[in-house]
Asks: 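What follows is a structure written as structure tokens; I'll ask about it next.
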Amino acid sequence: QVQLVESGGGLVQAGGSLRVSCVASGRTFSRFAMGWFRQASGKDREFVAAISRAGGSTSYADSVKGRFTISRDNAKNTVFLQMNSLKPDDTAVYYCAQGSRSGAESPFVSWGQGTQATVSS
């Protein structure tokens, strides 16, 4: 069983940047893909980005391509999401997730509690 703890959310103006982090414990971090999802108020949870176990492969939702970057540090059991050029539509609770396989296309099976990111206009 894995425990995922997100941090780094907050309030930022449109055009600004935030970096959210997720520390994993309890399951071999480097064996599995990691991902970020988000859920805005009143909407379904949606995929944001994913990264393969060694970081060599990534994927992004079209809405964040070119603005967000996912990365990981396997020595620190941590995955990051750098969010630049933020828009009010990026306001959401951001969730870290661990995959069941190693590739970025993996289904995701474990979830953190989320961290709120709010972008003001």
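For clarity, every value in this text was computed on a predicted model and none was experimentally measured.
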Asks: Spell out, as yes or no, whether a donor-acceptor pair under 3.5 Å connects the side chain of Gln82 to the backbone of Thr69.
Replies: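 A pair under 3.5 Å: no.
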
Asks: With rounding to the nearest 0.5 Å, note down the distance linking NZ in Lys76 to CZ in Phe29.
Replies: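 Those atoms lie 12.0 Å apart.
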
Asks: Transitively linked via ILVMFWY side-chain contacts under 4.5 Å: Met83 with Val119?
Replies: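 As far as the 4.5 Å side-chain criterion goes, Val119 and Met83 are connected within one cluster.
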
Asks: Between Asn84 and Ser17, do the side chains contain a donor N or O and an acceptor N or O under 3.5 Å apart?
Replies: yes

Asks: Does the Arg101 side chain pair with the main chain of Ser106, one donor and one acceptor, at a distance under 3.5 Å?
Replies: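 No, because the side chain of Arg101 does not come within donor-acceptor range (under 3.5 Å) of the backbone of Ser106.
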
Asks: Please answer whether the main-chain N or O of Arg53 pairs with a side-chain N or O of Arg72 as donor and acceptor at a distance below 3.5 Å.
Replies: yes

Asks: Counting N and O atoms only, with roles assigned by atom type, does the side chain of Gln98 sit under 3.5 Å from a partner on the main chain of Phe108, one being a donor and the other an acceptor?
Replies: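 A pair under 3.5 Å: no.
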
Asks: Is there a side-chain contact between Tyr95 and Gln39 (heavy atoms, below 4.5 Å)?
Replies: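 Touching, per the 4.5 Å side-chain cut-off.
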
Asks: Using the ring of each side chain (for Trp, its six-membered ring), is Trp111 parallel, tilted or perpendicular to Phe37, with breaks at 30° and 60°?
Replies: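 The rings of Trp111 and Phe37 stand perpendicular, inter-plane angle above 60°.
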
Asks: Verify side chain to side chain contact (heavy atoms under 4.5 Å, CB included) between Gln113 and Leu4, making sure each step is shown before the conclusion.
Replies: CA-CA 8 Å; Gln113 84 289 349; Leu4 302 171; over 6 Å; no

Asks: Measuring only between side-chain heavy atoms, which start at C-beta, is Tyr60 closer than 4.5 Å to Ile51?
Replies: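 Side-chain contact under 4.5 Å: no.
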
Asks: Closer than 3.5 angstrom, by distance alone: can the side chain of Glu6 be matched with the main-chain N or O of Ser21 as a donor-acceptor pair?
Replies: no

